[in-house]
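Step one of this worksheet: look at the structure below.
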Protein chains: 2
Amino acid sequence: MQSPVPHDPPIYRRIADRLRQAIQAGEFRDGDRLPGENALMAEYGIARATARQALSVLINEGMAVPRRGSGVYVRQFRPIRRHGSRRLSREQWGTGRAIWDGDASGRPYVVDDLTIAREPAAEDAARVLGCDEVWVRRRRYSVDGRPVQLAASCFPAELVAGTAIVQPDTGPGGVYARLRDLGHTPVHFTEEVRARMPAPDEADRLALSAGTPVIVVCRTAYTTGGGAVELNIMIMDAASYVLQYDFDA
Amino acid sequence: MQSPVPHDPPIYRRIADRLRQAIQAGEFRDGDRLPGENALMAEYGIARATARQALSVLINEGMAVPRRGSGVYVRQFRPIRRHGSRRLSREQWGTGRAIWDGDASGRPYVVDDLTIAREPAAEDAARVLGCDEVWVRRRRYSVDGRPVQLAASCFPAELVAGTAIVQPDTGPGGVYARLRDLGHTPVHFTEEVRARMPAPDEADRLALSAGTPVIVVCRTAYTTGGGAVELNIMIMDAASYVLQYDFDA
DNA sequence: TAGTGGTCTAGACCACGTA
DNA sequence: ACGTGGTCTAGACCACTAC
């Protein structure tokens, strides 16, 4: 009978652990090139697949990024701080500022791939918004030339048909100012936050490397009557964002 | 010259895509067993490593979970809803209820691995709390017998030394009620939310399978004077949580 | 052109879970 | 006992990047 000793970690794990420690100890800095497959094979006397497996551990942890034909590099982070409560205060969109102005932490951003369409409401949207058809504004946001967020805003179709909300340019203050003009001022917001690994199409559109989760924020905007007037689903590159929420006891 | 046609996806990707579609189409339900390595080898006439690679795609996406000696299974989700703003209202902890009572969506929870220690403050904690030494309460929360969250609360050492806050049982209302007793009532909270892949020790303690990110919530509690009295870092299994924040415009 | 990572094959031995 | 996934070897060809 053997005593129930935990097994030695496999070779590839020990190599991955050593590399991770080296990174955290500062031996490799952000953007530095790590030892490649050939270097690990020579250093540890292992097969190629084993060296690959060691590197894939770090890659799937989001600590390293492979570049074809070049090498494996330590990942760089510079997150955007997104303020949950403060940024939606009436002062912001009441005075003609777009909400997103405050988001990029001073860095310029661009909106890509804007599409506006009338669609049958998805099951969730139908329940929350209380309608069968919605107008959807889909767009992608980029900062420093890199895509960071996909967003899809849904509005009850009858409410917004023919307004600036279904136009590419929604005018000063954005969609919330237009909802106010229509007499449906948003006064309350709920945000649901989840995190998961991206679906392949999300990874494509956000140019995510392996090991990068997405943060999914589902925001609902309510009017004084308690009715929901907007459902906004945001999918964010988790490596590019810090969400901040402030509230009182 | 070739036209710049995107390459055909590799075999393992196409197999992974087919399996993913089958899951999303409901051909496999939560907890169902997927075709294993041998089945894929036979079905597609591929080598073992290729079949493995196809399955590893789904595993790293968090869609499937491997069980040694048994098979690969479709992952199951049943998240806990955690209310950000509402749960910290004074009514809750002012009347003797522990904050966590409202968290598990009605399911019972347990606290594991509670340790309480006086330590030199980490760099972040020192800056936020304005002190060199802290008392830290570390614990793990489990729901339905499965670990879901690691938490570490830091308090300024001089403030809480000798109080119930450094005892295993903090009494009715928990640490916030004790801070109130000390005249340092928390009145404002800031939560920073991030998501990333877990470090190996986090994956161990939360029993996370590959492809599961963690949500990191860093909460700071402020008193009326504006001083920070607690820094609480929570690491949550992303598959087990939905965070909800409510706020007004 | 040389070196890198990406894909793939055809084997091997092991630990583990189920029956 | 058998089938499963976990680890590992020793090759191969390819696409891409840097020089």
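Note that the structure is a prediction, hence the values are computed from the model and not measured. Letters A, B, ... are given to chains in the order of the sequence lines, protein chains preceding strands, and every chain is numbered from 1.
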Nearest whole Å is fine: how far is [N] [atom2] from [X] [atom1]?
| X | N | atom1 | atom2 | result |
| --- | --- | --- | --- | --- |
| A:Tyr44 | D:dC8 | OH | C1' | 17 Å |
| A:Met41 | C:dG5 | CE | P | 11 Å |
| A:Tyr73 | D:dT17 | OH | P | 11 Å |
| B:Ile46 | C:dT7 | CD1 | P | 14 Å |
| B:Arg33 | C:dT18 | CZ | P | 12 Å |
| A:Asn60 | C:dG6 | CG | P | 11 Å |

Which listed nucleotide ([options]) is nearest to the side chain of [X]?
| X | options | answer |
| --- | --- | --- |
| B:Gln53 | C:dC8, C:dT4, D:dC8 | C:dC8 |
| B:Ala49 | D:dC8, C:dT9, D:dT9 | C:dT9 |
| A:Val72 | D:dG5, C:dG5, D:dT9 | C:dG5 |
| A:Ser70 | D:dT4, D:dG6, D:dT17 | D:dT17 |
| A:Arg52 | C:dT7, D:dG6, D:dA10 | C:dT7 |

* To do: Verify the distance criterion only: is there a donor paired with an acceptor across the side chains of B:Arg196 and A:Thr212 at less than 3.5 Å?
  =>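 Their side chains do not contain a donor-acceptor pair, so the 3.5 Å distance test is not met.
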
* Using a 4.0 Å heavy-atom cut-off across all strands, classify A:Leu55 as base, sugar-phosphate, or nothing. => nothing

* For A:Arg13, report the nucleic acid contact type (base, sugar-phosphate, nothing); a contact means any heavy atom under 4.0 Å. => nothing

Presence of [X] side-chain N/O under 4.0 Å of [N] phosphate oxygens OP1/OP2:
| X | N | answer |
| --- | --- | --- |
| B:Asn38 | D:dT4 | yes |
| B:Thr50 | C:dT9 | yes |
| B:Tyr12 | C:dT7 | yes |

* Check the pair A:Arg81 / B:Glu192 against salt bridge (charged side-chain N to carboxylate O under 4.0 Å, His left out), numbers first and verdict last. => CA-CA 9 Å; A:Arg81 183 169 294 259; B:Glu192 289 180 347; 2.6 Å; yes

* Asked: Would you say the base of D:dG6 and the side-chain of B:Arg48 have a donor-acceptor pair closer than 3.5 Å?
  ->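 Present.
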
* Can you find an N or O donor on one side and an acceptor on the other, under 3.5 Å apart, linking the side chain of A:Arg67 with the base of C:dG6? ->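 By the distance-only test, no, there is no pair.
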
* To do: Using the closest heavy atom to pick a nucleotide of DNA chain D for each, name whichever of A:Arg14 or B:Leu34 lands nearer the 5' end.
  =>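 Counting from the 5' end, the first nearest nucleotide belongs to B:Leu34.
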
* Structure fact -> On DNA chain D, more 5' by nearest nucleotide between A:Arg68 and B:Ile59 is B:Ile59

* Non-hydrogen side-chain atoms of B:Leu34 and B:Tyr73 separated by less than 4.5 Å ->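 Not in contact.
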
* Asked: Heavy-atom distance under 4.5 Å between the side chains of B:Tyr245 and B:Val193, does that happen here?
  ->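 Touching, per the 4.5 Å side-chain cut-off.
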
* Structure fact -> Only residue of A:Arg139, A:Arg137, A:Arg205 satisfying salt bridge (Lys or Arg N to Asp or Glu O under 4.0 Å) with A:Asp113 is A:Arg205

